[in-house]
Amino acid sequence: MGHTATAEAGSGGLTATEHRLANGLRVVLSEDHLTPVAAVCLWYDVGSRHEVKGRTGLAHLFEHLMFQGSKQVHGNGHFELVQGAGGSLNGTTSFERTNYFETMPTHQLELALWLEADRMGSLLSALDEESMENQRDVVKNERRQRYDNVPYGTAFEKLTALSYPEGHPYHHTPIGSMADLDAATLEDARAFFRTYYAPNNAVLSVVGDIDPEQTLAWVEKYFGSIPSHDGKQPPRDGALPERIGEELREVVEEEVPARALMAAYRLPEDGTRESDAADLALTVLGSGESSRLYNRLVRRDRTAVTAGFGLLRLAGAPSLGWLDVKTSGDVEVPVIEAAVDEELARFAAEGPTPEEMERAQAQLEREWLDRLGTVAGRADELCRYAVLFGDPQLALTAVQRVLDVTAEEVQEVAKARLRPDNRAVLVYEPISAEDTADAAGDAEDDQDDEEAAK
């Protein structure tokens with residue numbers, strides 16, 4: 001069954017049709033003949049929130065395993081075939097989903113659909129110990145390069161753990177821990193695939209210079225025979241009180257170039273009017289060089305070199321308002337923190353000006369247009385709204401909901417949420433390489449003493 005969306009106000013004339021195969025795969029098609037390319041996007045409803053204690057990082061590890069070959073495509077063949085045909089591809093993992101995507105010349109669309117169907121239907125036949133160990137090492141190196149061995153690299157992990165209590169499905173980040181990556185077995189990976197990588201747990205979108213009838217015929221040809229899987233458990237409940245109720249704080253002493261103040265504020269779940277209001281509030285306060293915090297800290301006080309405040313939207317748990325300020329010279333973090341709190345209190349008391357509201361709404365509208373303006377971006381947005389909110393058509397009208405939010409609603413969410421008793425705070429204090437070496441030496445001496453005592 002399929003139906004065609006009408007071009008609603010705010011959709012820019014874009015439309016999408018929806019279909020469902022007998023095995024449960026949801027298919028969303030959007031025609032756009034502006035350029036001779038087509039984007040294929042496949043979202044699986046699985047992310048780190050579905051993982052259990054002791055097996056963190058498995059969703060992200062499996063994203064890598066999906067590029068290690070399938071029944072008909074061996075080794076690195078997926079990359080080789082797509083790039084050899086003039087296309088591009090990748091995959092990503094988040095708290096709430098795993099996605100795979102290709103952008104191809106129009107005449108190579110069938111190849112991309114066949115490749116995605118082959119690994120959805122036959123990855124288990126190619127998954128062995130060799131590919132498991134290979135990608136385990138790749139993910140561990142990625143963790144070292146992006147998290148453990150770069151300045152401020154563990155900030156996201158630390159603030160997430162502070163913001164969501166132990167045992168909460170969002171307490172850990174998608175990268176997972178080294179210990180859990182080491183502990184993952186081949187059977188863990190196979191069970192993960194059987195549970196989550198099924199057509200009835202996925203949404204496929206195809207956007208661009210396509211013939212919808214032919215595209216749907218290819219989808220049916222390649223995906224239609226893949227059996228659905230039962231047994232998936234819903235993710236654990238991510239609901240939390242509206243406010244944390246206290247300030248949570250951690251001081252990190254590391255070899256970083258400057259002191260830093262980072263904080264995460266608990267904000268409304270994605271998909272709500274309050275979440276759009278929070279997005280506008282953070283845009284006024286900390287998005288770009290015209291924002292209040294940038295003007296105050298960087299331009300006026302010159303106490304910081306960067307100041308940003310953005311929204312990490314989450315649908316299955318409270319979203320996070322993400323504050324990131326790097327200090328200038330020898331400025332102490334309390335000076336920065338006092339200025340931030342002063343600006344937030346003033347914003348809560350006065351709300352945004354008409355000019356700030358107009359600028360913030362225009363900025364979010366431009367970002368929406370940027371996402372929908374490319375075939376790949378539109379394909380991703382259609383999948384996002386289908387998986388997280390049940391309706392891909394919402395992607396085409398999202399901007400109107402932002403434009404409908406009032407200044408009073410923006411002020412209200414700031415007053416209720418952007419306050420000291422509703423945040424997790426991370427303070428970075430720099431130490432020298434010599435201090436780090438001394439600390440490592442002390443730890444080694446302690447270990448030697450312990451071994452001697454034993």
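No hydrogens, no waters, no symmetry mates; every other heavy atom, side chains included, goes into these values.
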Original post:
Are the aromatic rings of Tyr147 and Phe156 close, with centres under 6.0 Å apart?
Top reply: no
Original post:
Only one of Arg26, Lys232, Arg97 clears salt bridge (charged side-chain N to carboxylate O under 4.0 Å, His left out) with Asp45; which?
Top reply: Lys232
**OP:** Would you confirm whether Arg119, through its side chain, and Leu123, through its main-chain N or O, come within 3.5 Å as a donor-acceptor pair?
**Re:** no
Original post:
Do the rings of Tyr197 and Phe62 sit parallel, tilted or perpendicular, given the 30° and 60° boundaries?
Top reply: tilted
Original post:
Any sub-3.5 Å donor-acceptor pair from Asn23's side-chain atoms to Pro227's backbone N or O?
Top reply: no
Original post:
Does the cation-pi check pass for Lys326 over Tyr152, that is, NZ or CZ under 6.0 Å from the six-membered ring centre and within 45° of its axis?
Top reply: yes
Original post:
Can you name the nearest heavy-atom pair linking Gly316 to Tyr170, along with the distance?
Top reply: CA-OH, 3.3 Å
**OP:** For Asp182 and Lys140, run salt bridge (charged side-chain N to carboxylate O under 4.0 Å, His left out): C-alpha distance rounded to whole Å, both residues' side-chain angles, the deciding distance at 0.1 Å, then the answer.
**Re:** CA-CA 9 Å; Asp182 284 332; Lys140 288 169 68 176; 2.7 Å; yes
Subject >> Enclosure of Asp421 CG (heavy-atom neighbours >12, cutoff 6.0 Å) >> reply: yes
**OP:** Return yes if a side-chain donor-acceptor contact under 3.5 Å exists between Asn141 and Arg144, otherwise no.
**Re:** yes
Original post:
With a 4.5 Å limit on heavy-atom distance, are the side chains of Glu412 and Glu274 in contact?
Top reply: no
Original post:
Can you tell if the side chain of Tyr428 reaches within under 4.5 Å of the side chain of Leu261, non-hydrogen atoms only?
Top reply: no
Original post:
Do Arg401 and Arg273 pass the side chain to side chain contact (heavy atoms under 4.5 Å, CB included) test, and can you show the C-alpha distance, the side-chain angles, and the key distance before you say yes or no?
Top reply: CA-CA 7 Å; Arg401 293 185 290 279; Arg273 190 177 178 94; over 6 Å; no
Subject >> Any donor-acceptor pair under 3.5 Å from Thr272 side chain to Glu269 backbone >> reply: yes
Subject >> Side chain Asp279, main chain Asp276, donor-acceptor under 3.5 Å >> reply: no
Original post:
Do Leu204 and Glu116 have side chains that get closer than 4.5 Å, going by heavy atoms?
Top reply: no
Original post:
So which heavy atom on Val375 is nearest to which on Gly208, and how close?
Top reply: CG1-CA, 3.7 Å
Original post:
Would you say the side chains of Glu350 and Gln411 form a donor-acceptor pair under 3.5 Å?
Top reply: no
**OP:** Hey, could you give me the CG/CG distance between Leu285 and Leu418, rounded to the nearest 0.5 Å?
**Re:** 6.5 Å
**OP:** For the residue pair Tyr196 and His50, categorise the inter-ring angle as parallel (less than 30°), tilted (30 to 60°) or perpendicular (more than 60°).
**Re:** perpendicular
Original post:
Is a donor on one side and an acceptor on the other found under 3.5 Å between the side chain of Arg259 and the backbone of Pro430?
Top reply: no
Original post:
Between atom CZ of Arg143 and atom CG of Asn149, what is the distance when rounded to the nearest 0.5 Å?
Top reply: 10.0 Å
Original post:
Which pair of non-hydrogen atoms, one from Arg359 and one from Ser290, has the smallest distance, and what is that distance?
Top reply: NE-OG, 3.5 Å
Original post:
Between OH of Tyr100 and CG of Asn90, what distance do you get to the nearest 0.5 Å?
Top reply: 10.5 Å
**OP:** Using atom types as modelled and distance alone, determine if a side-chain donor or acceptor of Asp341 lies under 3.5 Å from a backbone N or O of Pro420.
**Re:** no
Original post:
Which residues pass the side-chain contact (heavy atoms from CB on, under 4.5 Å) test with Arg190, sequence neighbours left out?
Top reply: Leu124, Leu127, Leu186, Glu187, Arg194
Original post:
Where does the angle between the aromatic ring planes of Phe193 and His229 fall among parallel (under 30°), tilted (30 to 60°) and perpendicular (over 60°)?
Top reply: perpendicular
Original post:
If you draw a 6.0 Å radius around CD in Glu358, do more than 12 non-hydrogen atoms from other residues or ligands fall strictly inside?
Top reply: no
Original post:
Looking only at atom types and distance, does a side-chain atom of Thr98 sit under 3.5 Å from a main-chain N or O of Val46, one as donor and one as acceptor?
Top reply: yes
Subject >> Heavy-atom pair with the smallest gap, counting every atom of Leu382 and Ser205 >> reply: CB-CB, 4.4 Å
Subject >> Pair Thr92-Glu63, side-chain donor/acceptor within less than 3.5 Å >> reply: no
**OP:** Over all heavy atoms of both residues, which pair between Gly271 and Arg313 is shortest? Give the atoms and the distance, please.
**Re:** N-NH1, 4.5 Å
**OP:** Can you measure from CG (Asp137) to CE (Met132) and round to the nearest 0.5 angstrom?
**Re:** 11.0 Å
Original post:
Between His78 and Glu102, do the side chains contain an N or O donor and an N or O acceptor separated by less than 3.5 Å?
Top reply: yes
Subject >> Rounded distance (nearest 0.5 Å) linking atom CG of Leu29 with atom NE2 of His19 >> reply: 4.5 Å
Subject >> Any side-chain donor near an acceptor of the partner, Thr185 and Asp188, under 3.5 Å >> reply: yes
**OP:** Would you sort out whether Arg146 and Glu142 count as a salt bridge (charged side-chain N to carboxylate O under 4.0 Å, His left out), showing the intermediate values?
**Re:** CA-CA 6 Å; Arg146 294 177 53 197; Glu142 181 180 337; 2.5 Å; yes
Subject >> Backbone of Tyr265 reached by a side-chain donor or acceptor of Arg419 within 3.5 Å >> reply: no
**OP:** Output the distance between atom CE (Met262) and atom CG (Asp324), rounded to the nearest 0.5 Å.
**Re:** 4.0 Å
**OP:** Evaluate whether atom CD of Glu253 has more than 12 neighbouring non-hydrogen atoms of other residues, nucleotides or ligands under 6.0 angstrom away.
**Re:** no
Subject >> Side-chain donor/acceptor of Gln400 to backbone N/O of Thr397, under 3.5 Å >> reply: no
Original post:
Distance-only, no hydrogens or angles: does the Ser30 side chain make a donor-acceptor pair with backbone N or O of Thr15 under 3.5 Å?
Top reply: yes
Original post:
Arg423 pairs by salt bridge (charged side-chain N to carboxylate O under 4.0 Å, His left out) with which of Glu250, Glu246, Glu337?
Top reply: Glu337
**OP:** Measure the shortest side-chain to side-chain distance between Glu381 and Pro392 over non-hydrogen atoms and say whether it is less than 4.5 angstrom.
**Re:** no
**OP:** Would you indicate whether the side-chain heavy atoms of Val219 and Leu113 approach each other to under 4.5 Å?
**Re:** yes
Original post:
Arg371 and Arg378: side chain to side chain contact (heavy atoms under 4.5 Å, CB included), yes or no, with the steps?
Top reply: CA-CA 6 Å; Arg371 290 192 298 273; Arg378 196 183 322 155; over 6 Å; no
Original post:
Side chains of Leu25 and Asn200: does their closest heavy-atom pair fall under 4.5 Å?
Top reply: no
**OP:** Please lay out, stage by stage, how Leu426 and Val252 fare under the test side chain to side chain contact (heavy atoms under 4.5 Å, CB included).
**Re:** CA-CA 7 Å; Leu426 206 59; Val252 183; 3.8 Å; yes
Subject >> side chain to side chain contact (heavy atoms under 4.5 Å, CB included) evaluation trace for Tyr164 with Leu240 >> reply: CA-CA 9 Å; Tyr164 301 106; Leu240 289 170; 3.7 Å; yes
Original post:
Just wondering, are more than 12 heavy atoms of other shown residues or ligands nearer than 6.0 Å to CZ in Arg302?
Top reply: no
Original post:
If we only count heavy atoms from C-beta on, is the Phe309 to Ser287 side-chain gap below 4.5 Å?
Top reply: no
**OP:** For the pair Arg384 and Asp270, evaluate salt bridge (charged side-chain N to carboxylate O under 4.0 Å, His left out) and give the outcome as yes or no after the intermediate values.
**Re:** CA-CA 11 Å; Arg384 172 175 171 252; Asp270 193 14; 2.5 Å; yes
**OP:** Kindly give the heavy-atom pair with the smallest separation between Gly238 and His168, and that separation in Å.
**Re:** O-NE2, 2.8 Å
